[in-house]
Every structure is written in structure tokens, then in C-alpha cells.
Amino acid sequence: MRSLTATACVAAMSAAALLLSGCSDPRGLRVAGPAVSPSPPAGPAEVTEPVYVSDAARRPLQRPASFELTGAVSLTGLHWSSWGDATAKATGGLSGAWCRPECGRQPYPVAVTLSGLLRQDGPKRREDRPAFYSSATLVSDRLPPEKAAELGRVSLHTPEF
């Protein structure tokens with residue numbers, strides 16, 4: 001049994017020495033052929049700035065699909081065409097207790113524009129500081145004139161920076 005173990009060890013060491021010696025070149029490592037270029041990133045760079053809108057409960061939201069704008073105004077089915085710039089734009093549905101029962105069954109179509117971007121000051125890089133939209137404009141051809149005037153410019157909650 002002892003000679004079998006010794007023979008196996010000698011065979012393993014011989015194989016390792018043979019493999020290692022076959023990979024060496026006395027002139028050192030040589031690389032031939034053209035250098036490989038790194039691939040450019042696919043698509044445009046992603047925007048990572050923290051930009052929010054606060055709902056009626058003062059929760060910070062990013063690109064919300066729906067939210068309560070005020071205690072009396074709800075936005076649903078929002079599709080954002082822009083976000084994070086000076087303005088954010090979406091289309092969706094508008095409803096509230098003031099328009100029921102009509103808009104309760106089918107929300108009014110609405111165009112939403114968020115603006116008045118306010119950014120927190122501080123030691124962090126500008127793009128790493130949170131920002132909040134401070135104003136909303138809602139436009140719908142289904143709104144009565146007095147409600148259209150009221151929703152033409154809605155002040156939004158922003159944290160005190």
C-alpha cells in the first residue's frame with residue numbers, strides 16, 4: 001500500500017512539473033496581435049439624480065403611476081414623458097370628490113406638468129442632493145372653469161432644506 005501511495009505522489013508531482021514547465025518561456029510572457037478595445041456602453045447614460053414629488057401625505061415619490069396630489073385631487077394612470085429636468089410631464093387621469101359621480105366612473109383625461117425644482121444645499125455634489133418639484137399644473141378640457149383656475153397652479157409640499 002505504501003508503494004502505491006508513493007507511486008501516485010511521484011506521478012502527480014511529475015505531471016505538475018511537466019505542465020508548469022510547458023507553460024514557461026525563458027524570454028518571458030509574450031502577447032501578439034492587436035489590442036482589444038473596450039466596448040462603448042450600450043444606450044444613453046441613465047439619469048441617477050434624486051428628484052421627487054411629494055404627495056398629499058408628504059411622502060417623496062419618483063415617477064409615480066398614481067398619487068394624491070392634494071386631499072381633494074387624485075392622479076391615476078400617469079405616463080411620464082420626462083422626469084428630473086426643470087419640468088416633468090405626464091398624462092393620465094384626474095378625479096376627486098368634487099367631480100363625482102362623473103369622474104368616479106371615468107377619471108378626466110389630464111396633462112400634468114411639475115415645475116419649480118428645488119434642490120437641497122449641502123456638502124454633497126449637486127447631483128447627489130435630493131430635489132423636489134414645488135408646483136403642479138393640471139390641464140383638462142373636462143374641468144369646469146373655476147376648477148381649471150384652481151388647478152392651473154398647485155403648490156406642492158417640499159421639505160425645508
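All values below come from the heavy atoms of this structure, side chains included, with hydrogens, waters and symmetry mates left out. In this text, all values refer to a predicted model and were calculated from it rather than measured experimentally.
- A continuous path of hydrophobic side-chain contacts links Leu78 to Leu117 [ILVMFWY only; heavy atoms under 4.5 Å].
- Cys103 pairs in a side chain to side chain contact (heavy atoms under 4.5 Å, CB included) with only one of the listed residues (Ser74, Ser95, Ser140), which is Ser95.
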**OP:** Could you go through the side-chain contact (heavy atoms from CB on, under 4.5 Å) check for Trp98 and Leu143 one step at a time?
**Re:** CA-CA 11 Å; Trp98 49 270; Leu143 291 173; 3.4 Å; yes

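- In this structure, the side chains of Leu69 and Val53 stay at 4.5 Å or more apart for every pair of heavy atoms.
- Note that CD of Glu68 is 8.5 Å distant from CZ of Arg59, once rounded to the nearest 0.5 Å.
- In this structure, Leu151 CG and Thr70 OG1 are separated by 7.5 Å, a value rounded to the nearest 0.5 Å.
- Judged by distance alone, with hydrogens and angles left aside, the side-chain atoms of Ser135 form no donor-acceptor pair with the main-chain N or O of Ser115 at under 3.5 Å.
- Two residues are said to be in side-chain contact when any heavy atoms from C-beta on lie closer than 4.5 Å; His157 and Phe132 fail this criterion.
- Between the side chain of Thr137 and the backbone N or O of Gly152, at least one donor-acceptor pair lies under 3.5 Å.
- Here the shortest heavy-atom pairing between Gly77 and Ser66 reads N-CB, 4.3 Å.
- The 12-atom threshold is exceeded at CZ of Arg63, counting heavy atoms of other residues, nucleotides or ligands nearer than 6.0 Å.
- Atom CZ of residue Arg58 and atom OG1 of residue Thr158 lie 9.0 Å apart, to the nearest 0.5 angstrom.
- The shortest side-chain heavy-atom distance between Leu75 and Leu94 falls under the 4.5 Å cut-off.
- Minimum heavy-atom separation, Ala56 to Gly71: CB-N, 4.0 Å.
- Rounding to the nearest 0.5 Å gives a distance of 10.0 Å between CG of Leu138 and CD of Glu150.
- Put simply, Val112 and Val139 are part of two different groups of oily side chains (I, L, V, M, F, W, Y) that touch within less than 4.5 Å, one to the next.
- Checked by atom type and distance alone, the side chain of Tyr133 never pairs as donor or acceptor with a backbone atom of Ser54 at under 3.5 Å.
- Side-chain contact check for Leu114 versus Trp80: some heavy-atom pair is nearer than 4.5 Å.
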